[in-house]
Each structure stands twice: as C-alpha cells, then as structure tokens.
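Read through the structure below, which is laid out as structure tokens, and then see the notes.
All of these numbers come straight from a predicted model, not from anything done at the bench.
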Amino acid sequence: MDPAIHFIFGSHPQHGYVAGFNSSLPAHLADWFLTRVQFEAVPNEPGLYQLTEPERDGQRRTRQAAQSLRAQGYAVHVDTDIADAPANLPGRPNGLSERRSRIAQAASGRSPQRGAAPTTSPPFARPVPPKPAYAPTVHLAPATAGHGR
C-alpha cells in the first residue's frame, strides 16, 4: 500500500464492500473512523473491515464513507469498480429507494391511532377525593396560667 494513502476501499468476493488502512495509521484510530462510517472488523482478518448491511445501497455508502474520510483530511483510495460504477445496477435491488417508498406510503395513509381515545389515563392524573359534607371540630387545650411569661 502506498504510504501516502491512509484508507483503501474495494470489493471482496466473500465480504462484499471492504476497507483497509495503512499500517502507519494507529489501529485504534483507524478502527474508530471505520466504525463511524458503518464498517465493522472482519473476524480473523486483521486490518480488514466490511460494510454493515451491504445490500442497503452498499456501493453508494462505500463511496460516501470515502468522502467522509477525505473531508477529515485523510488520503483515500477507492477501487474503480466502486468509484466509477453507477449507483443502481440492473438486476440489483435498491434498498434505499424501497425504504423511501415504504416511508412515503406510510406517511400518506391515515394513522390507525388517530382519533382513538387513549386506553389509559396519563400517569400524572390521579383522582381528587370529594370534599367532606361536614366541617371537622377542632378541640383546643385550655390555656393555663403561668405559661407564656
């Protein structure tokens, strides 16, 4: 790996979209950055990270991760099969557009909770006891001489 490049992104036949880092970069720092851009360490493969949920628009998310690291001032290399390919390949589902479609459908429909009365009272409400019909009698002790002076 070129020592001037801090991170590299590419594709792997088994792990999908992957990332690696230069050994001159401290491992804990590289781990911190890669996990923040949705990559996770591959077990038994030191220094190799795979994209979490690659089926959810993985190519775009990989390019976005590279852009985020570049914005932090790091030198990043992205393989041409990821950088130059269109975001939506024919025959591959686009999870992001499907998710947006479901959200739009849910937003356009009427909420099943709308107009329904709450099933329980709020926790801060409590019943107020009724006022008594009588006034209680207060008995005072008689004043005794010698007290008070």
*May I ask you to decide if Val37's main-chain N or O and Arg61's side chain share a donor-acceptor pair within less than 3.5 Å?*
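Answer holds: no.
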*Taking Arg63 for its side chain and Ile82 for its backbone only, find out whether a donor-acceptor pair lies under 3.5 Å.*
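Pair found, side chain donor or acceptor close to backbone of Ile82.
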Within this structure, what is the [atom1]-[atom2] distance for the pair [X] and [Y], rounded to the nearest 0.5 Å?
| X | Y | atom1 | atom2 | value |
| --- | --- | --- | --- | --- |
| Asn22 | Ile8 | CG | CD1 | 10.0 Å |
| Leu34 | Ser68 | CG | OG | 11.5 Å |
| Leu51 | Asp57 | CG | CG | 10.0 Å |

Check whether [X] and [Y] end up in the same hydrophobic cluster, where Ile, Leu, Val, Met, Phe, Trp and Tyr are linked by side-chain heavy atoms less than 4.5 Å apart.
| X | Y | value |
| --- | --- | --- |
| Val42 | Tyr17 | no |
| Leu29 | Leu48 | no |
| Val18 | Trp32 | no |

Going by the rule side chain to side chain contact (heavy atoms under 4.5 Å, CB included), which residues pair with [X] if we only count those two or more places apart in sequence or in a different chain?
| X | result |
| --- | --- |
| Pro46 | none |
| Arg70 | Ala66, Val76, Val78 |
| Gln67 | none |

*Which residue pairs satisfy the side chain to side chain donor-acceptor pair (under 3.5 Å) criterion with at least one member in residues 41-50, sequence neighbours excluded?*
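Those involving residues 41-50 are His15-Gln50, Asp31-Tyr49, Glu40-Gln50.
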*What closest approach, in Å, do Gly47 and Phe21 show between heavy atoms, and which atom pair accounts for it?*
CA-CE2, 3.8 Å
_Closest heavy-atom pair and its distance - Ala4, Ala75_ =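 Heavy atoms of Ala4 and Ala75 come nearest at O-CB, 3.1 Å.
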*For Tyr74, enumerate each residue passing the ring pair (Phe, Tyr, Trp, His ring centres under 6.0 Å) test, keeping only those at least two apart in sequence or located in another chain.*
His6, Phe7, Phe33
_When you compare the side chain of Thr62 with that of Phe39, does any pair of heavy atoms fall below 4.5 Å?_
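Side chain of Phe39 against side chain of Thr62, heavy atoms only: contact under 4.5 Å found.
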